[in-house]
Every structure is written in C-alpha cells, then in structure tokens.
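So the structure is just underneath, and the comments pick up after that.
Letters A, B, ... mirror the listed sequences (proteins, then strands); counts begin at 1.
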Amino acid sequence: MAGPWRSTILNLLEKIGLRIKDPNNITKPKEVSRVMGAMKTQTTQPKSFSRGMQTVTLIPGDGIGPEISTAVMKIFEAAKAPIQWEEKNVTAIKGPGGKWIIPPEAKESMDKNKIGLKGPLKTPIAAGHPSMNLLLRKTFDLYANVRPCMSIEGYKTPYTDVDLVTIRENTEGEYSGIEHTIVDGVVQSIKLITEDASRKIAEYAFEYAKNNQRASVTAVHKANIMRMSDGLFLRKCRQVAENYRDIKFTEMYLDTVCLNMVQDPTQFDVLVMPNLYGDILSDLCAGLIGGLGVTPSGNIGANNVAIFESVHGTAPDIAGLDLANPTALLLSAVMMLRHMGMHDYSKKIETACFNTIRDKKVLTGDLGGKSKCSEFTAEICQRVRDMD
Amino acid sequence: MATVKPLPPPAKYGGRHTVTLIPGDGIGPELLNHVRELFRFSCVPVDFEVVNVCSSTEDDINNAITAIRRNGVALKGNIETLHTLPASHKSRNNLLRTSLDLYANVMHCKSLPGVQTRHNNIDIMIIRENTEGEYSSLEHESVTGVVECLKIITRTNSLRIAEYAFKLAREKGRKRVTAVHKANIMKLGDGLFLQCCREVAAGYPDIAFDAMIVDNTTMQLVSKPQQFDVMVMPNLYGNVVSNVCAGLVGGPGLVPGANYGHDYAVFETATRNTGKSIADRNIANPTAMLLASCMMLDHLKLYDYATMIRNAVLTTMNETRVRLNSPRRCSPHTFHN
C-alpha cells in the first residue's frame, strides 16, 4: 500500500530536482556482537513484518517455562522492543492417520510468523509419543542447532575466555531413531548420514561464520572408525569450504577436540558436526561457561523458520516458586532479535543482563545469589530503562 | 593391576618374559624406545619382540596379532589410520582389539600433585567396552548419498563389561559405579546396555549404581569431576569421556591405558594419540607410556619393578615440578631415577 505513494512522491521530488539517496534501504547498523552473533542469512525479512511490529510465536513450555517466559516478555516490554507475542501450546495430539503431531494452530502460527521462542518442554515417559523437541524438529525440519558459548563475566567457571559456536546437524545421524532387535540379545542402531543434510549443515556453518566474522570452521568427526559415514560428512564439508576461501577450514577427530577443549577452549572457533557429537560437544561447551541455565540456543529450519529455545530442563522442583533463572531464555531471545536484524534492542537487553550478572547484587539461586526470579527480572528491566 | 578371571601364567622362559612391542606411528617409536632404555637400565627381566606395523597391507597387523597370541602381553604405540582411504582399509588398532577380543579398556585418571590443572582431587576409573558399539565398522551405502552405519549392542558383551566393572570396583574398594548412556534416544541399543548394567548391579549390593546421560556427564565432568568414581560405558561414549578426563588431569601425555581380554592384555597410552605433529622432536611426554609399562609389569606379576619405576616417574613429575608445556627435552627425564 505504501509502495505506490512512495514512488509517486519520489517521482515528484525528482521532477523538482531533488534526489534521495537510498530510498528503499533502511540501513541497519551492521553490528554483529561477538557474544551472540546474528544468524541473519541473505534472505528477505520474514513476512509478518508490518509497521515494525514483529509477531513471534511464544511457547512457554512446562515447569518453570511460564515464569521465565513472563520474565522475558517483561524485559522486552521495558526495552520497548517491537515484538508481539503469540502464545501457543504444543502438547502432542494424535492426528489423522494415527501419527503424533503438534496442534494445527501452533503449526499455522509458526508457519506464518517464522520465528519462535520456546521454553523447556517435558517429555512424559511412556506417553506413547516421541519427545516434544523431536516432534518440533521433524515438523519444521529444524536442521541446524546453533549454540554460541561465551564466558559470562561475573559468573566464574574454571574456564575463562571461551568464545566458540557449536553447530550441530539436527535431523539425522545417530538420532535417526532406527533400531532393530536382530535376534534376542543383539540390537542394532542405525546411524544415517546423507549427502543433502551434510551439505546443508556445512553451508549453514560457513554462512554463519561469514555473517559473524568468524575466522575458522572445524569439522568434528570420527572418520578413522566410521569411514563411510563420517567420510561422507567430511567430503561435503570440504566441498562447501571451497566456496569460502577466506574462512579457514580444519578437520579434527572427536576425541582430540574433547581432549583439547578441556585444556584450552580458546583454540576453537566454529565447530560443525553430526548429531551425536554435536549433542555431546554442545553440552560440554555449555558446561564450560556455566551450564544450561545460562546457555542460549537456536534451531534453524528450512523455509526460514527459526526457533530459539532455552535448553535446560523444566525443573519441576522449583516450578511456581519464583526461583527460576531466566537468563538462558533471555539470551536465546536476544539471539532471536539479532536474527531478525534488531541489533539495537538486542544489544540493550544483552548488556543489561550481563551487567546485572557482573554486578552480582541481584542474582538467582543457581548463579550464587539469593534473589527471586521477579527481582532479577525487575533489575534487568530497570537497567534497560536506564539505558534509554 | 589384577584382572577379573585368573589368566594363564604369563610366558616365562629362563626367568624372563617376552612381550610383543608394536612401535606404531608418530610418537610411538620414540616413547617405546624410552621404555626399553628404562627397562634395560633397571634390569627388568622382560624381552621385547618388536613387530612393526606399516599401514598398507593387512599382513603386518596379522603378524602382530599372532605375536600377541604367542606372548600373551603387548605394549603398543598408536597405529595411524588414514581416514582418506576407502572403507575397506580398516583401522589397524580396532582390528587388533576385536581379533584378540580385548573387551575392556581401563583407564585410571588421577590428579597428580605436581601437575597444575583447573580441577583437583580427580580420581576416576573409566571402563569402556572395547569391541562393539559404534566401532563395529559395519557401514553400507544403500542409495547413493545415503550412508548407514550400524551400532551393535549385544547382551553378552554388555553383561561382560558390566561384570568386569563391578568386579574391578570391588577389588579396588570403590563405592559407586556410574553407567553412561543415551538410552532416552537410543532406546533399544543403550537401553539394553543399561538393563544389563542394572542386572549385574543387583549382584553387588555393596556398590552403589547410578546412570547418567552422556551429554549431562560431559557437562558434569567439566564442572564437578570429583563426583565420579567408576564409570562404565559403551565404546564411543568411552572415547569421549576418557579424552575429557585425560584432559582434566593434565593431558594425553600423563594417563596410561590398558586393554584386557580373557586371554590377552595390551597396554598403551589412554588417549591413543599418534602425535604426528610432535614426532621425532624429543618433546613428547613419556609419562603415559612409562606408566603403561608399569601396568604391564603388574600384569606380569613383577610388582617390585613396577613399583620402582612408577615411583621414579611420579617423583620426577611431582617433586622436580617438570612443567608440561615447556619445551624440555624428553630423554634426560628418563634417567632421573
């Protein structure tokens, strides 16, 4: 609607001799934080960008999920971020054909908004349906899991100066779920590696490295033992590396990475790997910076869908007691803002969060303090408002 | 280090044992030379039968396996696997382990007082299933561009390794065994492993048993490694966990490893590094290999020699505070005792 008006005005101005440079470009500062890194690809803005308000599907989750989601919403409100939240529930239901699916309204919402923020989901044992996270992954083809791990000043761990990103293939590999009992007492699990998935994840990893000014990408593998499968993965990574000559590409065995990671994590930059190694290494790196309570995570899918989540558990023992730490979900939400290109807001909120943790005056129990979740949230909100 | 079943007495002729020595690639040959020098200097009654394995044909590795069958005991360096070669060229180390059925890989990670690390008071024993799991080397490309790799878990081997772990824990006076798994995802495979561990645990009421998922385990290891006592796990997780623990106590140059089967035992460094980048520069740390040779001497029931050499190595590490990352020469260290 604004299009024809704008072009009319521009034509008029041109007629009277005035030119406006760059009329269509809303130049955003090309700021990429060392900390959280934007995941913006070269593609267009998500469709639900209307009047600057971005609608995001919010999945509060279970246990402490609702509390921390409320905390994040409050902080975003204080920062006046142009985000509209659409809360959805994703408890699995049996769809037509007997397959477990997520509720159709949730799927529609995600397909429309393209961006989601998710709290921790519980998977009841013996509920008959697969894990909720697995279901979401399959529904939206979330092929890449990205976890930037950076040491948080103020939250001391034996490891300082950690600054790396793990990019994990999220759909196949050892987690294909294909298992058989061949004879009684002999079980085989199948690890699936395909050319397509390996190429996609390699391309994503290099694109990420390029967009975030990262110097090197390391492929983690065990091709000495799993020659064909990890060999295929490596070949694809090498092929993709050819197109990104300015980014250094190395290959390293999984055991060597583990060994070196716990001795000197500063030598690693971006790590790309298949599913199982990614699971283990990303949790290892989370442990280096302080655990899952402070680690953000994002899942990228086909068709520009991206779901950002906190990766900790639902903590049923402290649910509803206002003791939860919203840092992980907050940092994931910051990652989400960067993905959408809203660098100012993301920087503001991130700085407020880190400053609060660094000052150590108002901290939740798991960070070593005695404050409540609401107090921690209020402190961050105050800092955000003070920055305006 | 005693093993589970009473093995046939190690071959001993004229009061001397014969041990197969496989130098391997990278730093293997130079480290094993240090061991030989030290043994000669200390008059240890062990003769080494050297079998070189060069990676091109399978004849060499088969000769090595025959030599180990003959002698019963071996000390080896890591044999390099060029992963750019096609899948028909299998990993020589893996071939050795599976042919000799060396089903238990045992590693003892203990913080050394003279070594500066981020974590202290670590004392973890890791028992890793050594023959099956992800290392079955069974792969096929059913459709172009789609590769399947099989991970095999069997009841027999899982029971065997669990039994080994609990027996060893009891022998060493350990209080707790933790099984590491990913049974929430690999329900049948790791589920079977976990079930076997639980069955065996029921027969050892004096030892506490718990289970932990592998990703949580690595996270706990880097934050609070002191909570672990004995850990038992399938092959690949064993690879990850043993490397993490080796890194925690000071690096690959410090920890020895042993592979035990019913009839044979092979000793090597715990993290099995070839170390090509530091080969032939006289900077590789011989501690791991020397301690592995002490484990071998214990296995041969030459306890006095084992204790003597072990004390010498540990004293050198702890009292002279030889710094690990400093470019110090390797050989003078060997003659310090």
Side-chain angles (χ1 to χ4, degrees), chain A residues 123 125 131 134 157-159 174-182 184-196 221-234 251 253-263 276-277 279-288 290-292, chain B residues 80-87 89-91 94 118-119 134-135 137-141 144-156 182 184-192 214-216 218-223 236-237 239-244 246-248 250-252 271-273:
Chain A
T123 298
I125 311 174
S131 106
L134 193 60
T157 59
Y159 300 90
E174 297 81 349
Y175 294 6
S176 52
I178 312 169
E179 292 186 291
H180 322 283
T181 308
I182 315 202
D184 188 31
V186 178
V187 174
Q188 86 182 10
S189 294
I190 297 188
K191 162 178 164 164
L192 204 62
I193 299 277
T194 57
E195 224 178 86
D196 273 341
H221 65 98
K222 259 217 93 61
N224 51 344
I225 301 292
M226 288 176 257
R227 197 71 51 79
M228 283 173 80
S229 29
D230 283 354
L232 174 60
F233 180 80
L234 272 186
E251 302 164 8
Y253 288 133
L254 173 66
D255 38 8
T256 315
V257 172
C258 287
L259 190 58
N260 293 342
M261 183 74 78
V262 296
Q263 292 180 80
L276 176 69
Y277 314 151
D279 192 10
I280 300 177
L281 271 181
S282 55
D283 277 6
L284 179 66
C285 298
L288 297 178
L292 296 179
Chain B
E80 193 192 353
T81 308
L82 292 165
H83 62 262
T84 44
L85 292 175
H89 181 271
K90 299 199 184 295
S91 156
N94 203 22
R118 291 182 176 89
H119 306 272
E134 296 82 350
Y135 286 40
S137 300
L138 294 164
E139 296 178 295
H140 51 264
E141 192 164 359
T144 323
V146 177
V147 176
E148 287 184 350
C149 174
L150 303 181
K151 162 179 165 163
I152 310 285
I153 301 274
T154 57
R155 198 175 160 70
T156 332
K182 190 84 191 163
N184 51 341
I185 304 287
M186 286 180 254
K187 298 186 168 67
L188 287 185
D190 285 353
L192 176 60
V214 60
D215 39 11
N216 189 22
T218 47
M219 210 170 358
Q220 297 292 329
L221 276 172
V222 294
S223 39
L236 183 69
Y237 312 146
N239 186 231
V240 171
V241 171
S242 52
N243 276 274
V244 170
L248 291 175
T271 48
R272 302 171 179 164
N273 300 97

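Proximity of B:V222 to A:M261: side-chain heavy atoms (C-beta onward) are nowhere separated by under 4.5 Å. Within the 4.5 Å cutoff, the side chain of A:K191 has no heavy atoms near those of the B:K151 side chain. By the 4.5 Å heavy-atom criterion applied to side chains, B:V240 and A:D255 are not counted as neighbours. When side chains are defined from C-beta on, B:N243 does not count as touching A:N260, because their heavy atoms never get closer than 4.5 Å. Contact check for B:N216 versus A:D283: no side-chain heavy atoms found under the 4.5 Å cut-off.
The greatest number of non-hydrogen atom pairs below 4.5 Å with chain B, out of A:S189, A:G185, A:P158, is found for A:S189. The residue among B:D190, B:L221, B:I153 with the most heavy atom pairs within less than 4.5 Å of chain A is B:I153. For the options A:I193, A:L276, A:I182, heavy-atom pairs under 4.5 Å to chain B are most numerous at A:I193. Ranked by non-hydrogen atom pairs under 4.5 Å with chain B, the options A:L292, A:L259, A:I225, A:T194 are led by A:L259. Counting heavy-atom pairs closer than 4.5 Å to chain A, the top-ranked of the candidates B:I152, B:N239, B:T271 is B:N239. Highest contact tally toward chain A, considering only B:E141, B:Q220, B:H119, is held by B:H119 [criterion: heavy-atom pairs under 4.5 Å]. Among the candidates A:S176, A:C258, A:G177, the residue making the largest number of heavy-atom pairs closer than 4.5 Å to chain B is A:C258. Residue with the most contacts toward chain B among A:E251, A:K222, A:E174: A:K222 (heavy-atom pairs, distance under 4.5 Å). Ranked by heavy-atom pairs under 4.5 Å with chain B, the first of A:T256, A:I178, A:L254, A:I190 is A:I190.
Listed by chain and number, the residues in a side-chain contact (heavy atoms from CB on, under 4.5 Å) with B:L188 are A:E179, A:T181, A:V187 (sequence neighbours excluded). Shown here are the ring pair (Phe, Tyr, Trp, His ring centres under 6.0 Å) partners of A:Y253, two or more places apart in sequence or in another chain: A:H221, B:H83.
In terms of heavy atoms, B:M219 sits closest to A:G287 at CG-CA, 3.4 Å. Closest approach of B:D215 to A:D279, counting heavy atoms only: OD2-OD1, 2.9 Å. The shortest heavy-atom contact between A:R227 and B:S91 is NH2-N, 3.8 Å. Pairing each heavy atom of A:V262 with each of B:L248, the nearest pair is CG2-N, 3.8 Å.
For A:L232, the part lying near chain B is the side chain, with the backbone staying farther off; criterion is any non-hydrogen pair under 4.5 Å. For A:Y277, the part lying under 4.5 angstrom from a heavy atom of chain B is the side chain only. The contact between B:E134 and chain A is made by backbone and side chain atoms together, counting heavy-atom distances below 4.5 Å. In this structure, chain A has a heavy atom under 4.5 Å from the side chain of B:N273, while its backbone stays farther away. Only the backbone of B:H140 comes within contact range of chain A, with at least one heavy atom under 4.5 Å from a heavy atom of that chain. Using a 4.5 Å cut-off between heavy atoms, B:L236 touches chain A through its side chain atoms alone.
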| task | Kindly determine whether A:E195 and B:V147 satisfy side-chain contact (heavy atoms from CB on, under 4.5 Å), including the steps that lead there. | result | CA-CA 8 Å; A:E195 224 178 86; B:V147 176; over 6 Å; no

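Rounded to the nearest 0.5 Å, atoms CE (A:M226) and OG (B:S137) are 9.0 Å apart. One distance of note links CD1 of A:I280 with OG1 of B:T218; it measures 6.5 Å at 0.5 Å rounding. The distance from atom CG of A:L192 to atom SG of B:C149, rounded to the nearest 0.5 Å, is 10.5 Å. Note that CG of B:L150 and CD of A:Q188 are 4.5 Å apart. Values are rounded to the nearest 0.5 Å.
Distance alone, capped at 3.5 Å, is enough to place a donor-acceptor pair between the B:E139 side chain and the A:S229 backbone.
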